[in-house]
Amino acid sequence: MIDLKFIRSNPDEVRAAIRNKNEKADLDALLELDETRRGLQFEFDQFKSRQNQVSQTIAKLKREGGDASALLEEMGSVAEKIKAVNGRLTEINAELEARLLTIPNLPEASVPVGRDESSNILVKTWGEQPSFAFTPLDHLELAEKNALLDMPRGAKISGSGFPVYTGFGARLERAVINFMLEFHLQRHGYSELGVPLIVNRKTMTGTGQLPKLETDMYHVDEDDLFLIPTAEVPVTNIHAGEVLSLAQLPLKYVAYTPCFRREAGSYGKDTRGLQRLHQFNKVEMVRFVEPQSSWEALEEMLRDAEDILQALGLHYRVVQLCTGDLSFASAKTYDIEVWAPGTGKYLEVSSVSNFVDFQARRANIRYRDASGKMAFVHTLNGSGVATPRLMIALLETYQRQDGSLELPPILLRQMDRPL
RNA sequence: GGAGAGGUGACCGAGCUGGCUGAAGGUGCACGCCUGCUAAGCGUGUGUAGGUCAAAAGCCUACCGAGGGUUCGAAUCCCUCCCUCUCCGCCA
């Protein structure tokens, strides 16, 4: 969330952010609540101060055997007033908090303003679109020829969008995951985390999925728990409510998890094969850093994600998201889109974001800076990367004319280790 | 799921027959003193958030797992919930 004091003194800036991010949040209502709350808080403090003072006098009188009945009577009415004010204050605070949670993060100053992805900026491209002496097949046709996927059976046991990987396909996907994990561990200095896939409401609020995206997530009603849409959620919240020491920063975590997304409202869009799924696997990088180094960390993480695609020899491009395409919690985001020659499209395989102190405020993740002062850390995360679309690019890029595959040796090595 | 024990500051640990207790004592940490070196010793300090203030100091308010309640007054009494530990049951 955004610092309430900042909102109070820079309402226009916040209003612009809400507009540019295509969010709808009522800032005026929030400011009014804030005003009311401050008044009530002042009143409460006054009464409380009086009560504390007199209570001590009563204590002293009683100890010395004096008569406190007059004071007790006065305090009776003060106690009533306190109760009344406190009741209202509790109400207002809850409402204020709820409203505050609907205010999106501010885009970083250099982020281009735009309504949708058409205003995104192409930052760079790596490699070239591979050329084929034949018409390349798409991944679904290749999966069929090589018996890598069974989408109908996935649909039978769960529903559409739940893939079943078969035989070599299953092994390949697992190899891809392991390859990425080991790459980040060995070359990029992350440490691995294995985390819960089902988390509570507080955790979902901490990273900013709630309240906005409630209907996009799978929910276990009986326990009020949510299936994670990304490892960002459990990993970032690992340190919720903690005060980190300067010595342990920066923290760099990598975790592999399945991800679950209802994809409500996107039916019929990019649904062929593995393009858009309800369940998929992803390797995610998360960093906790000191504020002054978060922008540098963002560029580093982008390179960490790019390294995976480069090691696999896949052509891709990097796009910077405009304000309208930026997520609720992000201040700046790069997307990496890998080229899928059979599908004929660039597919998003990674999203790398700096949330600055937005998530840290929500999840209350702080650290003591060099001068010993409490401050919020900055959090970042980036996919490193998501497997389904990476699988698409791999299959489609490394196909032969006869429909067989010639995959990068670095991947095949992951599954050919003898026991 | 059943029975019991417990959740206090960076940590350990008192308080829990309600009233100068934001919280004894210890450890740790910081600064200073002392000291051939080390170790020990001595002294001082050591929370977060909000408000007031131009700012600092000072002052006020809140916080002893979370939320309610009783009371003039709650870390202390009552209720609900969460978490941890032990035992039993069940189960991968």
Side-chain angles (χ1 to χ4, degrees), chain A residues 1-9 30-101 194-206 210 220-226 234 237-249 251 258 288 291 357-358 360-377:
Chain A
M1 66 180 97
I2 301 183
D3 186 7
L4 195 51
K5 278 191 227 160
F6 180 88
I7 298 178
R8 212 180 283 145
S9 45
L30 183 129
L31 290 169
E32 203 182 309
L33 279 167
D34 177 45
E35 199 60 36
T36 308
R37 196 212 69 202
R38 273 143 53 89
L40 285 169
Q41 183 69 50
F42 181 76
E43 226 179 304
F44 177 82
D45 286 357
Q46 295 295 304
F47 282 133
K48 227 13 194 164
S49 176
R50 172 75 183 144
Q51 185 183 64
N52 288 342
Q53 210 178 338
V54 176
S55 282
Q56 292 194 11
T57 310
I58 291 172
K60 194 190 272 177
L61 272 175
K62 290 210 163 179
R63 220 180 300 127
E64 293 164 359
D67 177 26
S69 57
L71 286 175
L72 285 177
E73 197 171 324
E74 187 208 336
M75 283 303 98
S77 68
V78 171
E80 263 172 53
K81 282 180 197 148
I82 288 175
K83 194 178 266 187
V85 173
N86 191 36
R88 282 208 62 204
L89 197 53
T90 305
E91 248 171 69
I92 299 284
N93 268 329
E95 206 180 322
L96 183 66
E97 174 78 7
R99 291 226 178 247
L100 198 52
L101 289 174
V195 292
L197 309 179
I198 303 179
V199 301
N200 59 33
R201 194 167 276 279
K202 190 175 178 188
T203 298
M204 278 298 179
T205 307
L210 288 179
V220 183
D221 289 339
E222 185 143 12
D223 304 295
D224 194 25
L225 296 171
F226 297 86
N237 280 284
I238 281 276
H239 294 298
E242 295 183 13
V243 179
L244 304 170
S245 71
L246 194 57
Q248 56 188 310
L249 297 179
L251 284 165
F288 299 77
D357 61 357
F358 188 80
R361 278 180 197 283
R362 290 187 158 228
N364 194 26
I365 308 167
R366 297 177 295 175
Y367 79 110
R368 228 170 256 288
D369 69 18
S371 67
K373 274 225 279 293
M374 261 325 173
F376 289 105
V377 299

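Here the structure is a predicted model, which means the values were calculated and not measured.
Nucleotides B:G47 and B:G22 are separated by 8 Å at their C1' atoms, to the nearest Å. Atom C1' of B:A54 sits at a distance of 23 Å from the matching atom of B:A49, rounded to the whole Å. Between B:C64 and B:G6, the two C1' atoms lie 14 Å apart (nearest whole Å). Nucleotides B:A3 and B:A62 have their C1' atoms positioned 38 Å apart, rounded to a whole Å. Between B:C59 and B:C42, the two C1' atoms lie 34 Å apart (nearest whole Å). Between the C1' atoms of B:C37 and B:G28, the separation comes to 24 Å (whole Å). Comparing B:U61 with B:G65, their C1' atoms are spaced 22 Å from each other, to the whole Å. Taking atom C1' on both B:G9 and B:A14, the two are 13 Å apart, rounded to the nearest angstrom.
Among the heavy atoms of the strands lying under 4.0 Å from A:Lys5 are primed sugar atoms or P, OP1, OP2 only; no base atom is included. Residue A:Lys62 is classed as a base contact, given a heavy-atom separation below 4.0 Å to a base. Within 4.0 Å (heavy atoms only), A:Gln51 reaches sugar-phosphate atoms of the nucleic acid but no base atom. A:Leu72 comes within 4.0 angstrom of a nucleotide base, judged by non-hydrogen atoms across all strands.
Pair check for B:G4 finds B:C85; Watson-Crick or G-U wobble, both atom distances under 3.5 Å. Nucleotide B:G9: unpaired (no Watson-Crick or G-U wobble partner with both distances less than 3.5 Å). With a cut-off of 3.5 Å on both pairing distances, B:U38 has no Watson-Crick or G-U wobble partner at all. Remark: B:A92 base-pairs with no nucleotide in the shown strands. Criterion, Watson-Crick or G-U wobble with two distances under 3.5 Å. Here B:G47 sits opposite B:C63 as a Watson-Crick or G-U wobble pair (both hydrogen-bonding atom distances under 3.5 Å). B:A24 makes up no base pair with any nucleotide shown, lacking Watson-Crick or G-U wobble contacts both under 3.5 Å. With a 3.5 Å ceiling on both atom-pair distances, B:U70 lacks any Watson-Crick or G-U wobble partner. A 3.5 Å limit on both hydrogen-bonding distances identifies no Watson-Crick or G-U partner for B:A57.
To the nearest 0.5 angstrom, A:Ile365 atom CD1 is 8.0 Å from A:His239 atom NE2. Note: A:Glu95 CD to A:Arg37 CZ = 13.0 Å, rounded to the nearest 0.5 Å. Here the straight-line distance linking atom CD of A:Gln53 with atom CD1 of A:Ile58 works out to 11.5 Å at 0.5 Å rounding. Atom CZ of A:Phe376 sits about 5.5 Å away from atom CG of A:Asn364, to the nearest 0.5 Å. Atoms CZ and CE, from A:Arg368 and A:Met374 in turn, are 4.0 Å apart once rounded to the nearest 0.5 Å. We find the CE-CG distance between A:Met1 and A:Asp357 to be 10.5 Å, quoted to the nearest 0.5 Å.
A:Arg366 has its CZ atom 6 Å from the C1' atom of B:U48, to the nearest Å. One atom, CG of A:Leu40, and another, C1' of B:G50, lie 14 Å apart when rounded to the nearest Å. Summarising the geometry, the separation between CG on A:Asn93 and P on B:G51 is reported as 12 Å, rounded to the nearest angstrom. Rounded to whole angstrom, the span from the CD atom of A:Glu97 across to the P atom of B:A49 amounts to 16 Å. One can place CD of A:Glu35 at 15 Å from C1' of B:G50, the figure rounded to the nearest angstrom. Taking atom CD of A:Glu80 as the reference point, atom C1' of B:G73 lies 15 Å away to the nearest angstrom. Rounded to an integer number of Å, the gap from A:Phe47 CZ to B:G51 C1' is 16 Å. Across the protein-nucleic acid pair, A:Glu43 atom CD and B:U52 atom P stand 15 Å apart, rounded to whole Å.
If you find the closest nucleotide of RNA chain B to A:Asp3 and to A:Ala59, the one lying nearer the 5' end belongs to A:Ala59. RNA chain B is contacted by both A:Gln56 and A:Met374; A:Gln56 maps to the nucleotide lying nearer its 5′ end (nearest heavy atom per residue).
For A:Lys83 and B:U70, the shortest distance from a side-chain N or O to OP1 or OP2 is below 4.0 Å. Dashed line: the shortest gap from a side-chain N or O of A:Arg368 to OP1 or OP2 of B:U48 is under 4.0 Å.
The heavy-atom pair separating A:Ile92 from A:Leu33 by the smallest distance is CG2-O, 3.8 Å.
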What donor-acceptor contacts under 3.5 angstrom involve side-chain atoms of residues 76-90 of chain A, with partners at least two apart or in another chain?
{"residue": "A:Ser77", "atom": "OG", "partner": "A:Glu74", "partner atom": "O", "Å": "2.9"}
{"residue": "A:Thr90", "atom": "OG1", "partner": "A:Asn86", "partner atom": "O", "Å": "2.8"}

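Taking A:Tyr367 as the reference, nothing meets the ring pair (Phe, Tyr, Trp, His ring centres under 6.0 Å) condition, with sequence neighbours excluded.
A distance-only check finds no donor-acceptor pair linking the side chain of A:Arg8 to the backbone of A:Glu35 [under 3.5 Å].
For A:Phe42, counting side-chain heavy atoms from C-beta on, the closest listed nucleotide (B:G73, B:G19, B:G51) is B:G51.
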Anything under 3.5 Å between a protein N or O and an N or O of nucleotides 58-62 of chain B, put it in a table, one pair a line.
{"residue": "B:C60", "atom": "O3'", "partner": "A:Ser49", "partner atom": "OG", "Å": "3.2"}
{"residue": "B:U61", "atom": "OP1", "partner": "A:Asn52", "partner atom": "ND2", "Å": "2.9"}
{"residue": "B:U61", "atom": "O2'", "partner": "A:Asp45", "partner atom": "OD1", "Å": "2.9"}

